[in-house]
Student: 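Please read through the structure below; I'll follow up with questions.
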2 protein chains.
Amino acid sequence: MKPKPRQLYEARAKVAKALAHPSRLLILDALAEKEMCVCDLTDLVGADQSTVSKHLAVLKNAGIVADRKEGVMIFYSLKVACLRGFWSCVEGVLKQNLKEQQAVMRSS
Amino acid sequence: MKPKPRQLYEARAKVAKALAHPSRLLILDALAEKEMCVCDLTDLVGADQSTVSKHLAVLKNAGIVADRKEGVMIFYSLKVACLRGFWSCVEGVLKQNLKEQQAVMRSS
DNA sequence: CACATCCATGGCAACATGGCCATGGAGGCA
DNA sequence: TGCCTCCATGGCCATGTTGCCATGGATGTG
C-alpha cells in the first residue's frame, strides 16, 4: 500500500468536519426526506436564522448539499446519497461502546 | 419518519468530530493495515509524541480504535470495519466538487 | 415607490481544539 | 536498586468554532 498524500487526508477531514455538529446532522437528516428552505430549517433547528445560514454554508462548501433559488426563498437539498449507510455503521460502534460500558458496570 | 432525539445527533457528531483531523485520518489508514504502537504512529505522523497520544485518546474515546498493552508498549488497532466504504463515498463528493469547479472555470 | 419577507454576512464574545514542552508513571533490564 | 524506553497528562498559547445581534441585499406585493 503506497502512502497517500497528506492532501487527501486534509480533503477528507474537511468533509468530516462539516459533519461534526449536531445541528448540521439534524439538517442533513431532514434534507434526506425532502428539500427545505432556510426558514423551515431554522424552525427545525431552533437557533437563530443567521446561525442556521452559516451551518448551511459549511455543508454547501463541503459539497454535501446543493441550493436552489425560487423567488425569495432558497431551497437546500441533499447532494450525497451515501450517508445513511455510514451512520448505520457509526450506530453499530456506539452500541458496541454501550455494551462494553455495561460489561464494566456488571463486573464491578 | 419520526423525529430523532437530539442526543442521537450529538453522539453521531462526536464520532464525526473524531474523524475531523488529517493526522487522525492518517493514523486510521495505517491501522487499517495492522496494529501499531504509539512510537510507530509518532514516526508516521511526524508530530510530538504527546500530540499523537492525544489524537489516539480522541479516537479511543469515540470507540473507533482499541488499545492493547504488551510490555512497555501499547498497540492500537482499528475497531471499525466500515470506514473504507464511507471514504469512497466522500471521495465521490470531492471528485464531484472538482468537476463543478472545472465547469465554472470553462464557462468564464 | 414603500414595505414586507427571506436570506447572507460581518462583528464580537465564549468556548473548544491542536500544538509543543515538561513531567511522571509503568514496565523491562542489568 | 538504578536506568532506560514507552506512553499519558497537565500547562500554556495560538487558532478555530459557535452562538447571537445587527445590518443589508434581493425579491415579491400593494
Side-chain angles (χ1 to χ4, degrees), chain A residues 6-7 9-28 30-31 34-79, chain B residues 6-7 9-28 30-31 34-79:
Chain A
R6 180 147 318 234
Q7 206 176 357
Y9 296 110
E10 286 170 6
R12 286 182 176 180
K14 183 181 169 186
V15 175
K17 232 183 212 173
L19 299 176
H21 192 285
S23 296
R24 290 198 286 270
L25 296 181
L26 174 59
I27 289 172
L28 290 178
L31 293 183
K34 61 175 185 301
E35 67 172 8
M36 297 178 80
C37 63
V38 180
C39 46
D40 288 340
L41 293 169
T42 299
D43 290 345
L44 176 70
V45 173
D48 193 86
Q49 176 266 319
S50 67
T51 300
V52 173
S53 188
K54 283 178 183 173
H55 280 313
L56 289 167
V58 171
L59 291 172
K60 183 182 167 185
N61 190 252
I64 301 174
V65 303
D67 60 337
R68 179 179 69 82
K69 196 170 192 174
E70 187 178 319
V72 198
M73 281 148 57
I74 297 186
F75 285 91
Y76 281 84
S77 58
L78 207 53
K79 214 170 142 190
Chain B
R6 180 146 319 231
Q7 206 176 357
Y9 296 110
E10 286 170 6
R12 287 182 176 180
K14 183 181 172 186
V15 175
K17 232 182 208 171
L19 299 177
H21 193 285
S23 298
R24 289 197 287 270
L25 296 182
L26 174 59
I27 290 172
L28 291 178
L31 294 183
K34 61 176 186 300
E35 67 171 9
M36 298 178 79
C37 63
V38 179
C39 45
D40 288 340
L41 293 170
T42 298
D43 289 345
L44 176 70
V45 172
D48 193 87
Q49 176 266 321
S50 66
T51 299
V52 173
S53 188
K54 283 179 184 174
H55 280 313
L56 289 168
V58 171
L59 291 171
K60 183 181 167 186
N61 190 253
I64 301 174
V65 302
D67 60 338
R68 180 178 68 83
K69 196 170 193 174
E70 185 177 319
V72 198
M73 282 148 54
I74 297 186
F75 286 91
Y76 281 84
S77 58
L78 206 53
K79 214 170 142 189

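By convention in this document, chain letters (A, B, ...) are assigned in the order of the sequence lines, proteins followed by strands, and residues within each chain are numbered from 1.
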Student: Side chain of B/Arg24, backbone of B/Ala18: donor and acceptor closer than 3.5 Å?
Tutor: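 Checked: pair present.
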Student: Would you find more than 12 non-hydrogen atoms of other residues, nucleotides or ligands less than 6.0 Å from A/Lys60 atom NZ?
Tutor: no
Student: Starting at CD of A/Glu35 and ending at P of C/dC7, how long is that distance when rounded to a whole Å?
Tutor: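 Result: 12 Å.
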Student: Could you check how far CG of A/Leu56 sits from C1' of D/dT17, rounded to whole Å?
Tutor: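 Distance check: A/Leu56 CG to D/dT17 C1' gives 17 Å.
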Student: May I have the distance from A/Glu10 (atom CD) to D/dG16 (atom P), rounded to whole angstrom?
Tutor: 13 Å
Student: To the nearest 0.5 Å, what is the distance between SG (B/Cys37) and NZ (B/Lys69)?
Tutor: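 It is 14.0 Å, given to the nearest 0.5 Å.
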Student: So, is A/Lys69 near the phosphate of D/dT27, with a side-chain N or O under 4.0 Å from OP1 or OP2?
Tutor: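 So the side chain of A/Lys69 is within the cut-off, an N or O lying under 4.0 Å from OP1 or OP2 of D/dT27.
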Student: Without decimals, in angstroms, what is the distance between A/Asp48 CG and D/dG19 C1'?
Tutor: 8 Å
Student: When we call it a touch if two heavy atoms are under 4.0 Å apart, what does B/Tyr76 touch: a base, just sugar-phosphate, or nothing?
Tutor: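 Sugar-phosphate, no base atom in range.
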Student: For B/Gln49 and D/dG10, what is the distance between atoms CD and C1' respectively, to the nearest whole Å?
Tutor: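 Answer to the nearest Å: 14 Å.
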Student: For residues A/Val15 and B/Leu19, determine if any side-chain heavy atom of one lies less than 4.5 Å from a side-chain heavy atom of the other.
Tutor: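 In short, these two side chains do not touch, never coming nearer than 4.5 Å.
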Student: In whole angstrom, what separates B/Met36's CE from D/dC6's P?
Tutor: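 Rounding to the nearest Å, CE of B/Met36 and P of D/dC6 are 14 Å apart.
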Student: Mind calculating the distance between CD1 (B/Ile74) and P (C/dG25) to the nearest angstrom?
Tutor: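 Those two atoms, CD1 and P, are 16 Å apart.
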Student: For B/Val72 and for A/Ser50, find the nucleotide of DNA chain C with the closest heavy atom, then tell me which residue's nucleotide is more 5'.
Tutor: A/Ser50
Student: Between C/dG19 and B/Thr51, is there an OP1 or OP2 to side-chain N/O distance shorter than 4.0 Å?
Tutor: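 No, B/Thr51 has no side-chain N/O under 4.0 Å of OP1/OP2 on C/dG19.
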Student: Is the closest side-chain heavy-atom distance between A/Asn61 and A/Lys14 below 4.5 Å?
Tutor: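 Contact flag for A/Asn61/A/Lys14 side chains = yes.
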Student: Rounded to whole Å, how long is the line connecting atom CG of A/Asp43 with atom P of C/dC7?
Tutor: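 From A/Asp43 CG to C/dC7 P: 10 Å.
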Student: Hey, is the side chain of A/Lys17 pairing donor to acceptor with the base of D/dG16 inside 3.5 Å?
Tutor: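 When only heavy-atom distances are counted, A/Lys17 does not reach the base of D/dG16 through any donor-acceptor pair under 3.5 Å.
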Student: Does A/Lys54 make a side-chain donor-acceptor contact with the base of D/dG16, cut-off 3.5 Å?
Tutor: no
Student: Check every strand shown and say whether A/Ala47 touches a base, only sugar-phosphate, or nothing at a heavy-atom separation below 4.0 Å.
Tutor: sugar-phosphate
Student: Ignoring backbone atoms, establish whether A/His55 has a side-chain N or O less than 4.0 Å from OP1 or OP2 of D/dT17.
Tutor: no
